[in-house]
Participant: 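Pasting in a structure now, in structure tokens, and then I'll have a few things to ask.
Reckoned from all heavy atoms, side chains included, excluding hydrogens, waters and symmetry mates. Quick note: residue numbers are just sequence positions, from 1. Numbering of ligands and ligand atoms starts at 1, following listing order.
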Amino acid sequence: MRRSHILIRFTATLLYPSLALDNGLALTPPMGVNTWNSFRCDNVTAVNIKAFADVMVSNGLKDAGYQYVNMDDCWSTGRDPHTGELIADPSAFPLGMNELSDYVHKKGLLLGIYGDRGVKTCAGRPGSLDFEEQDAKTYAAWEIDYLKEDSCFAKFDHDSAFREYRKMRNALNATGRHIYLSLCGWNEWYAEAGKDIGNSWRIAADSDDWPHVYIAARTNERLAQYATPGGWNDPDMLIGSVQSNAIYITPRQQRTQFSLWSIMSAPLLIGSDLQTLSKHDLDTLTNMKVIGVNQDVKASAQGAPVFSNCPVFKAKEQNLFKPWYYPISKAYEIVLGLAIAALATGLCFVGSLACACTCRQHKNMGVGCAICGCILMVACATLAIYMRINIPTVDDCQQTWVKRLSSNGATDVAVLLVNWGTSAKTVDWCNASCLANLGFPNGACAENLWFDYEPESGQSSRWLRSISGIVPGDGGSIFYRLSSSQASCTNTSSAQQTSLMM
Ligand code: GLA
């Protein structure tokens, strides 16, 4: 770090201890891989992290721009009882974290780790509350480059959340090592303060199925104003389409999610097991035209819809301490929820009987009994709300997202047509006046960004005066780059419409 830089930071820290995160990182959205969706709590080991790094080099992901190899929860087994230092699971990391970071760095990649601003991580490993400075120093000593800081077992009011995250931010700043800080608080209200604290901030629940991809996109469509070089809205990881992974979507949805994350300038963090990546998924993840849209943030930091026939969307607050806010959607969660609800109902019933018997015995059917009954009713109602089953759904609707690109004097525009419905749809994705508003009054050359992978999807480029073709359902999409150059268009016949299929 330059001397002037250190002096400025030192003075600013004395005068104003909550100086913004100052690591110069994330000038474009980060790209990398994360272990959570593929490994969960199992197999987070040095051997597997190294294997991810090896694959990233050998299969072209590194060349495509992916840098971060991020381990998620479950790498730690506790704290040293004497020093309080975090302990990396000795059976998973027998040679220590420095050996792993050396390995990853020698491959030209960067190493990420996971923590929590509360007392425990979501999987019950040690959290950093009141250990922020010590943990930041540990991460710096291990030569970590990226920290995902989760929000489990923590206070959920905004002030506490920001205060705790700022403590970690300040602690990271103080180490002098440039460590990317990824806030993981699952709520859109992080966006406004996000840039002051972290390099990215999760805006919604885990994107671990197609409905949650929809929720993340609908949440993010209003947050474009908060994205800026250095700080990005984070709609969570990219899902693969390989069915042996714990989490997967269809190949078509996988491509659409990638296109959406690209136009939303979202972090591109692969949530698949790299060792079982399919050719289809690798092709998707290395489409340089689509990555180019994601990384092009000079003319517009994040895209947003210009057309949407989707219903008004209200994001649900994610709050583990108010479980009625927390969507219960997976089959096992539903079964568990019903089991607990049945147990609670049984207990309430027995309690009410006991209450009634006691009242009868004492021949007191008045105030005491009423209070007893009221308490039980409140308890039952609370449990019923707690158990509310909330299955997220995808609305049958269509959207056109756009993002201005910096090329050709910032006249080019990326346009993504997304069909959230289940069946193929033809709508006015962008009519002539919409194209005129985007700067193309005489029509535009529309380059199909997936053509190299899906030649059956139509022509590589064609001149359009409006965009109103058919897009298949179940996550179908078409991704164009619009420019005004007729010369670059392979088909300049006066086509009025597109009928590309994906
Ligand atoms: C939370 C986060 C996930 C993952 C897990 C790990 O659910 O949102 O992305 O990090 O915790 O326990």
Participant: When the ring planes of Trp429 and Phe307 are compared, do they come out parallel, tilted or perpendicular, using 30° and 60° as the limits?
Facilitator: perpendicular

Participant: Out of all atoms in ligand 1, which are within 4.0 Å of some heavy atom of Cys122? Include the element for each.
Facilitator: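 Answer for ligand 1: 1 (C), 11 (O), 12 (O).
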
Participant: Closer than 4.0 Å to some heavy atom of Trp186 - which atoms of ligand 1 meet that?
Facilitator: 2 (C), 8 (O)

Participant: Should we say atom CD of Glu133 is surrounded by more than 12 heavy atoms from elsewhere, each under 6.0 Å from it?
Facilitator: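 At most 12 heavy atoms, drawn from other residues, nucleotides or ligands, come within 6.0 Å of this atom.
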
Participant: What's the spacing between Trp420 CH2 and Thr393 OG1 if we round to 0.5 Å?
Facilitator: 12.5 Å

Participant: Using a 3.5 Å cut-off on N or O atoms only, is Lys148 in polar contact with ligand 1?
Facilitator: yes

Participant: Go through ligand 1 atom by atom and flag the ones less than 4.0 Å from a non-hydrogen atom of Arg202.
Facilitator: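 Listed by number with element: 8 (O), 9 (O).
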
Participant: Backbone, side chain, both or neither: what part of Thr121 comes under 4.0 angstrom of ligand 1, heavy atoms only?
Facilitator: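 No part of Thr121 comes within reach of ligand 1.
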
Participant: So which bit of Cys184 gets within less than 4.0 Å of ligand 1, heavy atoms only: side chain, backbone, both or neither?
Facilitator: side chain

Participant: Mind checking what makes side-chain hydrogen bond (donor to acceptor under 3.5 Å, both in side chains) contact with Ser101, not counting sequence neighbours?
Facilitator: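 Ser101: no side-chain hydrogen bond (donor to acceptor under 3.5 Å, both in side chains) contacts found.
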
Participant: Please check if the distance between the ring centroids of Phe39 and Trp75 is under 6.0 Å.
Facilitator: no

Participant: What do you reckon, does Asp206 have a nitrogen or oxygen under 3.5 Å from a nitrogen or oxygen of ligand 1?
Facilitator: yes

Participant: Non-hydrogen atoms of Asp72 versus ligand 1: any pair closer than 4.0 Å?
Facilitator: yes

Participant: Suppose we screen for disulfide (SG to SG under 2.5 Å). Which residues come up paired with Cys184, at least two apart in sequence or across chains?
Facilitator: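 Cys184 satisfies disulfide (SG to SG under 2.5 Å) with no residue once adjacent residues are dropped.
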
